[in-house]
Amino acid sequence: MDTATTPPGAPPLTFRDATEDDVPALVALIESAYRGDSSRTGWTTEADLLQGQRTDEDGVRAIVTAPAARLLAVERAGELIACCQLEHRGEAAYFGMFAVRPGLQGGGLGKVVIAEAERVARGAWGVGEMHMTVISLREDLIAWYERRGYRRTGRLTPFPYGDERFGIPLRDDLAFELLVKEIGDGLPQS
């Protein structure tokens with residue numbers, strides 16, 4: 001149990017694979033962490049870069065049901081407080097759809113979730129790297145990932161302008177940068 005994320009006397013965190021029944025709550029959590037006024041409570045907001053939705057039920061359901069993916073739900077006392085996507089992509093795992101309830105951000109919960117995601121990816125798929133993409137303008141967020149061992153690659157992918165499933169851009173210079181971290185020897189762990 002990590003005392004930085006579990007107040008004294010509070011129940012410990014529980015990590016589990018999300019199910020289709022979790023989809024509405026997961027969408028609400030992800031939206032609250034990135035879009036709209038509720039996201040401004042935390043520091044992961046994209047509200048100054050994008051309006052509209054971050055994801056939808058179809059997108060989350062596709063991850064939950066994909067054979068080479070899983071969506072980790074993080075709960076405390078049965079209450080959903082964080083989540084992240086893991087997808088097996090050959091020699092690497094992809095980390096995405098990471099959300100922590102805005103009022104709980106900044107207390108160390110994100111560090112615990114990402115460490116558990118890395119452990120799960122190594123153990124389940126024997127991968128040696130974790131990959132993620134982050135909007136390249138998100139310097140504070142990228143710096144947070146760098147402090148966790150991720151490195152910028154300089155490889156950019158254009159933002160999907162015109163596809164409102166990913167939001168309505170407020171700028172014309174958005175792109176995703178690939179971040180990579182070595183997470184192990186690539187051997188499955190028992």
Peer 1: Looking at Y161 and D172, what are the two nearest heavy atoms and their distance?
Peer 2: OH-C, 3.1 Å
Peer 1: Could you go step by step and tell me if E146 and R151 meet the salt bridge (Lys or Arg N to Asp or Glu O under 4.0 Å) rule?
Peer 2: CA-CA 6 Å; E146 287 177 317; R151 64 178 170 75; over 6 Å; no
Peer 1: Hey, what do you get for CD (E20) to CD (E57), rounding to the nearest 0.5 Å?
Peer 2: 10.5 Å
Peer 1: Do you know the tightest heavy-atom contact between T19 and D22?
Peer 2: N-OD2, 2.7 Å
Peer 1: Return the CZ to CD distance between R70 and E87, rounded to the nearest 0.5 Å.
Peer 2: 13.0 Å
Peer 1: With hydrophobic residues grouped by side-chain heavy-atom distances under 4.5 Å, do F98 and L178 end up in a single group?
Peer 2: no
Peer 1: Any side-chain to backbone donor/acceptor pair from R122 onto I183? Under 3.5 Å, distance only.
Peer 2: yes
Peer 1: V127 and A121: which non-hydrogen atoms are nearest, and at how many Å?
Peer 2: CG2-O, 3.6 Å
Peer 1: Run the side-chain contact (heavy atoms from CB on, under 4.5 Å) check on D56 and V27 step by step: do they pass?
Peer 2: CA-CA 6 Å; D56 59 25; V27 171; 5.7 Å; no
Peer 1: Just by distance, do the side chain of E31 and the backbone of R54 share a donor-acceptor pair under 3.5 Å?
Peer 2: yes
Peer 1: Are V134 and V180 linked, directly or through intermediate hydrophobic residues, by side-chain heavy-atom contacts shorter than 4.5 Å (ILVMFWY only)?
Peer 2: no
Peer 1: Could you give me the CA-CA distance, side-chain angles and deciding distance for C84 and L71, then say whether side-chain contact (heavy atoms from CB on, under 4.5 Å) is met?
Peer 2: CA-CA 6 Å; C84 67; L71 206 149; over 6 Å; no
Peer 1: Using side-chain heavy atoms (C-beta onward) and a distance below 4.5 Å, is I81 in contact with L109?
Peer 2: yes
Peer 1: Grouping I, L, V, M, F, W and Y whenever their side-chain heavy atoms are under 4.5 Å apart, do M132 and I135 come out in a common cluster?
Peer 2: no
Peer 1: Ion pair present between E129 and K181, side-chain N to carboxylate O less than 4.0 angstrom?
Peer 2: no
Peer 1: Is it the case that the ring center of F159 lies less than 6.0 angstrom away from the ring center of F176?
Peer 2: yes
Peer 1: Considering non-hydrogen atoms only, spot the tightest contact between L80 and A82 and give its length.
Peer 2: CD1-O, 3.5 Å
Peer 1: Can you tell if the side chain of L179 reaches within under 4.5 Å of the side chain of T153, non-hydrogen atoms only?
Peer 2: no
Peer 1: Let's go through R61 and D58 carefully: what are the C-alpha distance in whole Å and the side-chain angles of both, what is the deciding distance for side-chain contact (heavy atoms from CB on, under 4.5 Å) to 0.1 Å, and is it a yes or a no?
Peer 2: CA-CA 5 Å; R61 187 173 291 104; D58 290 341; 3.7 Å; yes
Peer 1: Looking only at the side chains, is there a donor atom on one of Y94 and T133 sitting less than 3.5 Å from an acceptor on the other?
Peer 2: yes
Peer 1: Check K111 against W144 and note the closest heavy-atom contact, atom names and distance.
Peer 2: N-CZ2, 3.7 Å
Peer 1: Check this for me, if you would: do R76 and E79 make a salt bridge, where the nitrogen-to-carboxylate-oxygen distance has to be below 4.0 angstrom?
Peer 2: no
Peer 1: Quick one: pull up CZ in R138 and CD1 in I142 and give me the separation to the nearest 0.5 Å.
Peer 2: 8.5 Å
Peer 1: According to a 4.5 Å side-chain heavy-atom criterion applied to Ile, Leu, Val, Met, Phe, Trp and Tyr, with indirect links allowed, do F15 and V60 form part of one hydrophobic cluster?
Peer 2: yes
Peer 1: May I have the step-by-step check of side-chain contact (heavy atoms from CB on, under 4.5 Å) for L170 and Q51, ending in yes or no?
Peer 2: CA-CA 7 Å; L170 300 175; Q51 292 180 337; 3.6 Å; yes
Peer 1: Answer yes or no: is there a side-chain heavy-atom contact under 4.5 Å between M130 and Y150?
Peer 2: yes
Peer 1: So do M97 and T55 actually touch side chain to side chain, heavy atoms under 4.5 Å?
Peer 2: yes
Peer 1: Above 12 or not: heavy atoms from other molecules or residues under 6.0 Å from CZ of R165?
Peer 2: no
Peer 1: So how far is it from I114 CD1 to E116 CD, rounded to the nearest 0.5 Å?
Peer 2: 12.0 Å
Peer 1: Assigning hydrophobic clusters by single linkage (Ile, Leu, Val, Met, Phe, Trp, Tyr; side-chain heavy-atom cutoff under 4.5 Å), is L141 placed with V100?
Peer 2: yes
Peer 1: What is the minimum heavy-atom distance between L72 and L86, and which atoms define it?
Peer 2: CD1-CD1, 4.0 Å
Peer 1: Between atom CG of L29 and atom SG of C83, what is the distance when rounded to the nearest 0.5 Å?
Peer 2: 4.5 Å
Peer 1: In Å and rounded to the nearest 0.5 Å, what is the CD to CG distance from E164 to L50?
Peer 2: 11.5 Å
Peer 1: Got a salt bridge between R152 and E177, using NZ or NE/NH1/NH2 to carboxylate O under 4.0 Å?
Peer 2: yes
Peer 1: According to the interplanar angle, ranging from 0 to 90°, do the rings of F95 and Y145 count as parallel (below 30°), tilted (30 to 60°) or perpendicular (above 60°)?
Peer 2: perpendicular
